[in-house]
Amino acid sequence: MKFVFDRVNLKALTKELVALRRDLHRYPESGWTEYRTTVRLLEELETLGVPVRFGEEIHHRVTMYGLPDEKYDRDCYQRVLQECGREDLLSKMKGGFTGCVAEIEGAHPGPVVAFRMDIDCNDVGETQDVGHFPVREGFQSLHPNLMHACGHDGHAAIGIGAIRLLLAYRDQIHGTVRIIFQPAEEGLRGAASITNSGALDGVDWIFGGHIGLKLNELGAVAASSRGFLASTKFDVTFKGRAAHAGASPEMGHNALAAASTAVLNLLAIPRHSGGSSRINIGTLHGGTGRNVIPEEAVMTLETRGLTTEINEYMSAAAERVCKSAAAMYECGYESRFMGAAGCAVCDPELVGRVIRSLKTVEGISRIEEDFDFAGGEDFTTMMSRVQSKGGKATEMVFGCPIKAPHHNGFFDFDEQVIPLAAQAVAKIVLDLCSESDAK
Ligand SMILES: [Zn+2]
Ligand SMILES: [Zn+2]
């Protein structure tokens, strides 16, 4: 008893979704600067006649974590103005208010079902290797040092695909479908702002999904995830005093030495016996010249833990290490919170229903009940909010072959996952909004 979306030409839809994905891939945008991406989505939704909210009204200014600096933001905004015009739409997003929330009103009353797709790219340069599929097909990134290396271009296309399928079956929808295109997932920055804006109010069921990861078989789908790592991201600035390195080194306070001392000791934080933990210092920049005692050093780091407590243990230890290293070299120290997410547990009731729906989707050959996520995902913020109000949540994984690890310049995924995941999402929504569920 497979369900067939026979009101839609799936072949034609697949072609259009792949084209959309490739277009987004060519113009990747980092968290909070997804201006063009949002414009593209708004244009698609407008064509489809789907009401959509965007701009400041779907954000909560105070919890827009890890915004880029103003100059970078301005440059991105100007670039997009040149790329696509559409100042009418862009002016509403100025200052990082990217992403959008679409809503399909079903023909009949019923629950509110939400799904979330993230849309940002990574700060990674895409390879120019001719063997790389996007290069071969001519849709590689046009933006230096930015790349969709996590598949969020695919997520956006899946979201639009699911919307198109659902619109064809609107007469069968008992309830409301809310689709959240979330900015700034990388670095766990965007979910809190959307959540705190009230965009999830009234949601009875919410689910999200990621493609690839360690599930690398097309047709395999995990109905839920476990092992989300709680994570905290922060930037640390060490402030010293510059001095002549030959004539008066004793007058200087070496910020780079403080930072380097911190790096080694951060990696030496004793691990927690309660479960897995991680720490990474991703970047370190310092100093201005060979013969100058470095005045400033800036590092970006993150901690993770299997539980919120373990992550808090790691981040508190990290703060202590940075502070102590700064003191050793008589440097100042400043830590800036850039993003975070906690853990969340998927609801068995929703997972059971998702599994039942997945069984009816043509092309899904293997269903896993849960997937060991072993990473951070700020969708947990949305899950927790919906759960705290009595709703149910789950995070799925759509299996597909990938060419290189996520966040790598050679990353690429099998585009056939897009129509498949779109159908899975649409079928889950249709089932959650079926007549028998209408209250
Ligand atoms: Zn991702
Ligand atoms: Zn990622």
Side-chain angles (χ1 to χ4, degrees), residues 21 24-25 28-34 37 41 65-66 68 98-99 115-127 134 141 143 145-159 180-192 194 207-216 221-222 224-233 278 280 282-283 300-304 338-344 371-383 394-415 417-418 421-422 425:
R21 178 260 161 160
L24 297 176
H25 191 90
E29 296 170 305
S30 186
W32 299 123
T33 65
E34 304 91 333
T37 308
L41 294 170
Y65 299 145
T98 48
F115 62 91
R116 171 273 210 172
M117 299 289 160
D118 43 10
I119 61 171
D120 56 328
C121 80
N122 305 92
D123 301 322
V124 173
E126 184 156 26
T127 176
S141 169
H143 297 161
N145 302 317
L146 294 174
M147 175 194 176
H148 271 293
C150 202
H152 300 181
D153 47 348
H155 294 174
I158 290 166
I180 298 146
F181 291 100
Q182 185 210 301
E185 191 284 326
E186 299 292 349
L188 309 179
R189 297 173 288 158
I194 299 254
F207 62 101
H210 207 297
I211 62 168
L213 303 174
K214 283 177 184 160
L215 194 60
N216 300 130
V221 179
S224 72
S225 305
R226 67 188 144 81
F228 291 113
L229 297 181
S231 181
T232 308
K233 323 284 183 191
R278 309 266 192 282
N280 189 48
T283 65
T300 58
L301 68 145
E302 57 167 37
T303 60
R304 299 172 192 253
M338 297 300 281
C343 301
F371 171 84
D372 187 5
F373 211 86
E377 163 58 90
D378 71 0
F379 182 56
T380 54
T381 303
M382 296 191 175
M383 293 173 69
T394 191
E395 165 78 349
M396 304 168 63
V397 179
F398 301 105
C400 82
I402 52 176
K403 283 279 154 55
H406 290 253
H407 299 194
N408 178 293
F410 283 85
F411 177 81
D412 188 39
F413 64 88
D414 185 338
E415 290 171 328
V417 74
I418 296 172
V425 168

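Residues take their numbers from the sequence shown, with the count starting at 1. One-based numbering, in listed order, for ligands and for the atoms of each.
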(request) Could you tell me the separation between the NE2 atom of H210 and the CD atom of E377, rounded to the nearest 0.5 Å? (result)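 These two atoms lie 6.5 Å from each other.
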
(message) Any non-hydrogen side-chain atom of L188 less than 4.5 Å from a side-chain atom of E302?
(response)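 Of all side-chain heavy-atom pairs linking E302 with L188, none is under 4.5 Å.
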
(request) Find out whether V397 and S225 are in side-chain contact, i.e. whether some heavy atom of one side chain is under 4.5 Å from a heavy atom of the other. (result)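 Yes, close enough: below the 4.5 Å cut-off.
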
(request) Give the minimum heavy-atom separation between D153 and H148, together with the two atoms involved. (result)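 Taking D153 first and H148 second, the nearest heavy atoms are N-ND1, 3.3 Å.
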
(message) Listing request: all salt bridge (charged side-chain N to carboxylate O under 4.0 Å, His left out) pairs with a residue in residues 398-408, at least two apart in sequence or in separate chains.
(response)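 Sorted pair list comes back empty.
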
(request) Show all protein N/O/S atoms under 2.8 Å from the Zn ion (ligand 1), or state that there are none. (result)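 Atoms qualifying: C150 SG, H152 NE2, H210 NE2.
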
(message) Evaluate D120 against W32 for side-chain contact (heavy atoms from CB on, under 4.5 Å), listing each step before the verdict.
(response) CA-CA 8 Å; D120 56 328; W32 299 123; over 6 Å; no

